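Keep in mind that the numbers below use all heavy atoms, side chains included, and drop hydrogens, waters and symmetry copies. This is a predicted model, so every value here is computed, not measured. Residue numbers start from 1 in every chain, and the chains themselves are labelled A, B, ... in the order their sequence lines are given, proteins ahead of strands.
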2 protein chains.
Amino acid sequence: MANMKEIAKLAGVSLGTVSHVLNGSATVREPLRKRVMDAVASAGYQPSQLARGLRRDKTNMIGMIIPDVTNPFFPAVVRGAEDVAFEHGYRLVLCNTDNDHAKEIVHMNELRTYLPSGLIVIPSSFSDLTAQAESFRRSGAAVVCVDRLPLNWNGDTVTADNEKGAYDATNYILRQGHKQLAMITGPRHLTNSTNRLKGFKRALAEKKIHLGPEYIQEANFDQHGGYAKTLLLLRMIPRPTVIFAGNDMIAFGALLAFREMGLHCPDDISLFGFDNLDLAEMTSPPLSSVSQPGYQMGTTAAQILMDRVRGDDGPPKHVVLDTAIKIRDSVGKPVTGDNVHTSRTPARAARVSRTGRKR
Amino acid sequence: MANMKEIAKLAGVSLGTVSHVLNGSATVREPLRKRVMDAVASAGYQPSQLARGLRRDKTNMIGMIIPDVTNPFFPAVVRGAEDVAFEHGYRLVLCNTDNDHAKEIVHMNELRTYLPSGLIVIPSSFSDLTAQAESFRRSGAAVVCVDRLPLNWNGDTVTADNEKGAYDATNYILRQGHKQLAMITGPRHLTNSTNRLKGFKRALAEKKIHLGPEYIQEANFDQHGGYAKTLLLLRMIPRPTVIFAGNDMIAFGALLAFREMGLHCPDDISLFGFDNLDLAEMTSPPLSSVSQPGYQMGTTAAQILMDRVRGDDGPPKHVVLDTAIKIRDSVGKPVTGDNVHTSRTPARAARVSRTGRKR
DNA sequence: CAGCATAGTTGAAAGCTTTCAATCCGGGCT
DNA sequence: AGCCCGGATTGAAAGCTTTCAACTATGCTG
């Protein structure tokens with residue numbers, strides 16, 4: 001509403017002085033300073049971020065591009081980023097891409113015209129983002145990639161140690177005696193997916209366990225994907241005794257499929273997730289899962305951005321956060337043979353539907 | 001990068017003409033128009049939203065203020081809003097308040113200086129927002145309140161029919177034969193909380209069931225709140241046979257408490273939630289819950305905003321979206337007496353911890 | 001064919017801030 | 001007392017767009 005000119009008049013000083021008081025860009029003697037501050041307070045003045053940004057070639061916004069807020073892993077990252085950004089006086093502009101590269105480009109191009117101080121992106125795919133990122137950098141904005149990496153990325157990154165997490169989980173599964181494993185990966189064009197798969201395979205290779213390619217299925221990182229691929233896996237012969245899900249949402253879908261097929265987890269079939277969402281604890285049975293620090297990924301990314309904004313122009317940073325396996329009740333001993341679930345009291349979950357189309 | 005001046009030079013026209021072509025603010029003859037478009041394309045020019053906003057007194061941003069992205073109900077609302085906004089060319093600036101009124105004010109004040117076209121708020125409390133909203137309106141931005149309402153609010157609103165949802169759920173519970181109910185409400189300064197409580201009480205009153213005030217507990221809308229208050233309720237004599245949770249997060253916390261006390265749901269105690277989060281289906285047991293359309297709340301709010309931006313200045317709209325009870329397995333018949341859970345096979349969940357400090 | 005209306009095009013101002021060069025003032029030094 | 005210096009303050013330009021009034025050219029009318 002009020003603008004600087006009015007404040008200047010109100011305080012009986014020049015425009016420049018008001019600006020200097022507000023930004024501390026020059027020392028202003030106390031009496032004047034006070035008059036300005038009083039005028040600002042009495043008018044409830046707040047500087048126009050638009051004009052300020054235009055003049056400074058930079059705003060206090062930070063663009064954040066994520067696949068989908070609706071997937072519970074991402075809000076944690078967003079929240080982490082927002083908390084650090086807010087504390088430093090920066091605000092977040094949020095964009096969802098649905099893992100659609102085209103949408104990602106649209107968002108990036110438009111965001112740039114707001115001259116944000118930085119950009120945090122969880123890439124939608126391994127498509128090369130170098131060009132867009134370069135144009136951000138040229139306009140003075142730092143860019144950091146989180147969770148997944150695009151092709152040829154040469155900037156800052158914050159990721160979880162996906163391969164190690166998957167490797168540990170797989171080893172745990174193997175120690176329980178499972179021989180017939182299966183994995184439902186996330187989309188193969190995402191580096192977090194492929195790294196998890198890599199860890200899985202490495203553990204298998206070390207134990208000299210061979211797996212037919214049909215036991216490795218690819219799905220979207222959501223419940224429906226997990227559900228569909230699980231149904232598919234359950235029809236295979238021999239049936240896998242455990243499924244390693246590329247993330248918890250996939251695992252949740254798998255649980256649904258188990259239930260529908262009248263299978264009890266972990267007695268009839270085991271399951272391991274990835275992400276360790278808050279809700280993994282709540283499922284039936286509580287889901288064992290690889291925990292990765294979503295919130296911390298957000299804070300770390302934002303922190304790097306803050307450093308860059310403040311002038312750090314060192315070489316690219318690559319922070320890899322640790323993962324840990326969280327053991328709950330969803331992995332049991334393997335059952336051999338088929339249809340074994342009939343040999344024990346009907347699984348509680350079976351109540352829901354027992355239309356077992358088994359073969 | 002490139003600015004309009006360069007485009008003008010490149011196309012051999014004036015600044016004004018470029019602007020007219022870009023905005024369709026005046027008819028420009030085809031050959032010129034084409035030259036301009038070509039120049040724009042070849043330079044990869046995109047207008048500065050900052051300068052544009054400054055000049056137009058309005059940007060294509062929409063502020064969205066929510067309590068916490070990390071609570072799975074809100075992302076649905078955010079996503080709904082973003083989808084509609086994006087489609088109309090608007091972008092979302094996201095702010096979390098943690099239900100802290102002070103933070104809310106800070107966000108609103110700053111957001112205004114970006115001259116957003118609108119503001120979608122899920123208020124942090126019933127604190128009066130009229131003043132802030134008024135100043136938004138004066139600067140030409142529409143404001144709509146979602147999910148909860150602040151005091152004296154006279155603007156657009158989108159809410160769910162909380163009272164009806166709670167009323168229906170309570171009636172369902174009563175029909176199952178429960179007489180000894182308890183409710184864990186959300187914070188009493190949130191209208192959605194109080195309306196849910198109202199529905200609960202109305203159903204009780206109609207059936208002439210009286211409840212001591214200690215059976216109505218207040219908690220934050222999160223897992224921890226639900227957990228703590230459930231432990232408290234479980235120690236009461238007579239012990240409630242069912243708990244109606246103010247939202248699903250509280251219900252999840254209750255499940256945790258049940259587990260810890262070695263109680264099996266629904267055999268030993270029943271539970272009803274509110275929100276019907278995706279994950280309500282996944283818990284042990286699957287949670288009965290009042291479903292409210294979060295995504296649709298977001299789209300509706302954004303749609304109203306779009307209408308306002310386009311000039312609709314009719315009287316305040318008050319959209320109340322319907323709720324529906326979703327019955328799953330968490331409500332059973334009431335058990336009378338105490339310690340009844342010892343009479344059946346130990347609940348599966350009891351495995352986790354059986355440190356029952358019962359009395 | 002002159003004159004006028006109209007459609008198309010242009011240049012400049014305005015929107016609000018930051019910043020730089022210029023000005024002002026007072027004090028210290030000789 | 002005069003000069004100079006440095007610190008405090010000011011005024012104006014610049015950043016990029018939109019928009020309005022003014023201007024040009026075009027087409028039509030009489």
Side-chain angles (χ1 to χ4, degrees), chain A residues 1-37 39-40 43-61 89 110 112-117 138-141, chain B residues 1-37 39-40 43-61 89 110 112-117 138-141:
Chain A
M1 348 245 71
N3 59 16
M4 258 181 53
K5 204 150 124 196
E6 297 179 35
I7 301 298
K9 195 184 301 176
L10 212 58
V13 300
S14 80
L15 223 59
T17 305
V18 177
S19 177
H20 286 136
V21 170
L22 256 37
N23 300 300
S25 42
T27 53
V28 173
R29 247 174 313 184
E30 187 50 28
L32 274 204
R33 213 190 71 81
K34 177 146 174 24
R35 256 157 57 204
V36 170
M37 293 307 274
V40 165
Y45 168 76
Q46 291 202 277
S48 157
Q49 296 287 345
L50 248 33
R52 174 176 280 186
L54 182 59
R55 186 58 238 245
R56 284 189 182 162
D57 263 356
K58 180 165 306 223
T59 66
N60 68 344
M61 288 186 262
E110 178 171 346
R112 192 160 35 86
T113 69
Y114 276 111
L115 303 181
S117 288
R138 255 199 312 274
S139 74
Chain B
M1 357 235 66
N3 58 17
M4 258 182 52
K5 203 149 125 197
E6 296 179 36
I7 300 298
K9 196 184 299 175
L10 211 59
V13 299
S14 79
L15 223 58
T17 305
V18 177
S19 176
H20 288 309
V21 169
L22 256 37
N23 299 299
S25 42
T27 53
V28 172
R29 246 173 314 182
E30 187 49 29
L32 274 204
R33 212 190 70 83
K34 177 147 176 20
R35 255 156 58 201
V36 170
M37 293 308 275
V40 165
Y45 168 76
Q46 291 202 278
S48 156
Q49 296 287 346
L50 248 34
R52 174 175 280 186
L54 182 59
R55 187 57 236 244
R56 284 190 183 160
D57 263 356
K58 180 164 304 221
T59 65
N60 68 344
M61 288 186 261
E110 176 170 347
R112 191 160 35 87
T113 70
Y114 275 111
L115 303 182
S117 289
R138 256 199 311 276
S139 75

Selected nucleotide, minimal atom distance to [X] side chain, candidates [options]:
X	options	value
N23(B)	dT18(D), dT10(D), dT17(C)	dT18(D)
S19(A)	dT18(D), dT19(C), dT9(D)	dT19(C)
S14(A)	dT19(D), dT10(D), dT17(C)	dT10(D)

* List the steps, then state whether side chain to side chain contact (heavy atoms under 4.5 Å, CB included) holds for N60(B) with E110(A). => CA-CA 11 Å; N60(B) 68 344; E110(A) 178 171 346; 2.7 Å; yes
Nearest 0.5 angstrom please: [X] [atom1] to [Y] [atom2], how far?
X	Y	atom1	atom2	value
H20(B)	S14(B)	NE2	OG	7.0 Å
L50(A)	L50(B)	CG	CG	5.0 Å
L10(B)	Y45(B)	CG	OH	12.5 Å
R52(B)	Y114(A)	CZ	OH	9.0 Å
M37(B)	L22(B)	CE	CG	7.0 Å
R35(B)	R29(B)	CZ	CZ	11.0 Å

With the criterion being N/O to N/O and under 3.5 Å, what pairs connect the protein with nucleotides 23-26 of chain D, and how long is each?
none

Could you check how far [atom1] of [X] sits from [atom2] of [N], rounded to whole Å?
X	N	atom1	atom2	value
Q46(A)	dC16(C)	CD	C1'	15 Å
K5(A)	dT18(C)	NZ	C1'	16 Å
E6(B)	dG15(D)	CD	P	11 Å
K34(B)	dT9(C)	NZ	C1'	20 Å
E30(A)	dA8(D)	CD	C1'	14 Å
K58(B)	dC16(D)	NZ	P	25 Å
L115(B)	dA14(C)	CG	P	19 Å
I7(A)	dT18(C)	CD1	C1'	16 Å

* To do: Identify the two heavy atoms, one from L15(A) and one from A8(A), that lie closest to each other, and give their separation to 0.1 Å.
  => N-CB, 3.9 Å
* Structure fact -> Nearest heavy-atom contact between K58(B) and G140(B) is NZ-O, 2.5 Å
* Asked: Can you tell me if the side-chain N/O atoms of Y45(B) get under 4.0 Å from OP1 or OP2 in dC16(D)?
  -> no
* Asked: Within the pair T17(A) and dT10(D), is there a side-chain N or O less than 4.0 Å away from OP1 or OP2?
  -> yes
* Looking for any heavy atom pair under 4.0 Å, which part of the strands does S25(B) touch: base, sugar-phosphate only, or nothing? -> nothing
* Give L22(A) one of three labels, base, sugar-phosphate or nothing, depending on what nucleic acid heavy atoms sit under 4.0 Å from its own. => nothing
Heteroatom pairs (N/O) under 3.5 angstrom, protein to nucleotides 21-23 of chain C:
none

* **Short side-chain to backbone donor-acceptor contact, S117(B) and T59(B), under 3.5 Å** => yes
* Before giving the answer on side chain to side chain contact (heavy atoms under 4.5 Å, CB included), spell out for S19(B) and N23(B) the whole-Å C-alpha distance, their side-chain angles and the decisive distance to 0.1 Å. => CA-CA 6 Å; S19(B) 176; N23(B) 299 299; 3.2 Å; yes
* Salt-bridge contact R33(B)-E30(B) (side-chain N to carboxylate O under 4.0 Å) -> yes
* Asked: What parts of residues 49-56 of chain B reach DNA chain C, counting only heavy atoms under 4.0 Å away?
  -> A51(B), L54(B), R55(B)
